[in-house]
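Report on the structure given below.
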Amino acid sequence: MSKAFTRENSDSDDDEGAGATPLPPSGKNYITPAGYARLRAELLDLIDNERPRIVEIVHWAASNGDRSENGDYLYGKKRLREIDRRIRFLTKRLEIAEVTDPRVHHGSDQVFFGATVTYADSQGVERTVTIMGIDEADSLQGQVSWISPIARALLKARVGDEVRLMTPQGAQDIEVLEVHYPA
């Protein structure tokens, strides 16, 4: 069999990507308008700028002759596969995205998607999290996915409510102190 028809690895066509969070069984993919715009901008940049630039590099490298030891060609082809995989992933996620604007809940004291919630655990330690979409949550910025255990525990709670959070160490009671939405 020709080498042209063999796969380099079994993950080469995995559209989900290595670090992608799978969708919940309901298949819902809630996302904020800002998150949707950010993912769409990334998709358009990959299609309009990054991919054509890499295609040009691969074309130039291929015209140089021997491809078997041509680093520009080999790494360019690998990068093209990565770009194509990310384009497929973003296209699928944006097609099923349900844009939900958290501003509609501005002034509410109940926790819904998009809320910034301050809560205290049983030791009195306060933490603040913002409930975001699966593809836009960044834990380093205090953002959690709406399917995370903390978000599921907090959803629909009101200021002053005590909710039970299931952790690996067992159940923990937390109290909702503040709820904010963007204006």
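Numbers here simply count residues along the sequence, with the first being 1.
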- Within the distance-only criterion (no hydrogens, no angle test), does the side chain of Arg103 pair as donor or acceptor with the backbone N or O of Pro182 below 3.5 angstrom? no
- Query: Do Arg86 and Glu42 have side chains that get closer than 4.5 Å, going by heavy atoms?
  - Reply: yes
- Does the pair Arg152 and Met166 meet the rule for a side-chain contact (heavy atoms from CB on, under 4.5 Å), with working shown? CA-CA 10 Å; Arg152 287 182 183 249; Met166 297 307 293; over 6 Å; no
- Which heavy atom of Asp109 sits nearest a heavy atom of Arg158, and at what distance? OD1-NH1, 2.9 Å
- Message: When you compare the side chain of Phe89 with that of Asp135, does any pair of heavy atoms fall below 4.5 Å?
- Response: yes
- Item | Derivation of the side-chain contact (heavy atoms from CB on, under 4.5 Å) call for Met132 and Ser145 | CA-CA 5 Å; Met132 306 291 279; Ser145 165; over 6 Å; no
- Item | Heavy-atom neighbours of Glu56 CD exceed 12 at 6.0 Å | no
- Quick one: CG on Leu46 to CZ on Arg51, what's the gap to the nearest 0.5 Å? 10.5 Å
- Task: Decide yes or no on side-chain contact (heavy atoms from CB on, under 4.5 Å) for Thr32 and Thr100, but give the supporting numbers first.
- Result: CA-CA 5 Å; Thr32 63; Thr100 305; over 6 Å; no
- How long is the span from the NZ atom in Lys28 to the CD1 atom in Ile134, to the nearest 0.5 Å? 12.0 Å
- Query: Are Val58 and Leu80 side-chain neighbours, meaning at least one heavy-atom pair lies under 4.5 Å?
  - Reply: yes
- Message: Treating Asn29 as the side-chain partner and Arg93 as the backbone partner, does any N or O pair qualify as donor plus acceptor under 3.5 Å?
- Response: yes
- Mind jotting down which residue pairs meet the ring-ring contact (aromatic ring centres under 6.0 Å, His included) criterion with at least one end in residues 51-70? Sequence neighbours excluded, please. none
- If Ile, Leu, Val, Met, Phe, Trp and Tyr residues are connected whenever their side-chain heavy atoms lie under 4.5 Å apart, and connections chain through other members, are Ile147 and Ile96 in the same group? yes
- Message: What's the separation between atom CG in Asp84 and atom OG1 in Thr91, rounded to the nearest 0.5 Å?
- Response: 10.5 Å
- Mind checking what makes side-chain contact (heavy atoms from CB on, under 4.5 Å) contact with Leu74, not counting sequence neighbours? none
- Message: To the nearest 0.5 Å, what is the distance between CD on Glu178 and OH on Tyr119?
- Response: 14.0 Å
- Query: So which of Leu39, Asp45, Ile47 actually passes side chain to side chain contact (heavy atoms under 4.5 Å, CB included) with Leu43?
  - Reply: Ile47
- Arg85 vs Ile83, side-chain contact (heavy atoms from CB on, under 4.5 Å): CA-CA, chis, key distance, verdict: CA-CA 5 Å; Arg85 187 177 312 118; Ile83 290 170; over 6 Å; no
- Whether Asp101 side chain and Val104 backbone form a donor-acceptor pair below 3.5 Å: no
- Item | Rounded distance [0.5 Å steps], CD1 in Ile174 versus CD in Glu126 | 12.5 Å
- Minimum heavy-atom distance between Ile54 and Gly76, given as atom pair plus value: CG2-O, 3.4 Å
- Query: Closest heavy-atom contact between Ala115 and Val179?
  - Reply: CB-CG1, 4.1 Å
- Any residue meeting ring-ring contact (aromatic ring centres under 6.0 Å, His included) with Tyr181, in chain and number order, not counting sequence neighbours: His105
- Message: Show the nearest heavy-atom pair for residues Glu136 and Gly133, with the distance to one decimal.
- Response: OE2-N, 3.0 Å
- Query: Between Phe112 and Ile131, what is the shortest heavy-atom contact and its length?
  - Reply: O-CD1, 4.4 Å
- Could you grab the distance from atom CD of Glu162 to atom OG of Ser122, nearest 0.5 Å is fine? 9.0 Å
- Message: For the backbone of Val144 and the side chain of Ser148, can you confirm whether one donor and one acceptor N or O come within less than 3.5 Å of each other?
- Response: no
- Message: Under a 4.0 Å threshold between the charged nitrogen and the carboxylate oxygen, would Arg79 count as salt-bridged to Glu82?
- Response: yes
- Ala137 backbone acceptor or donor facing Gln143 side chain under 3.5 Å: no
- Hey, any chance Val55 and Tyr73 share a hydrophobic cluster, counting ILVMFWY side chains that come within less than 4.5 Å of each other, even indirectly? yes
- Message: Please determine whether a side-chain nitrogen of the Lys or Arg among Asp161 and Lys156 lies less than 4.0 Å from a carboxylate oxygen of the Asp or Glu.
- Response: no
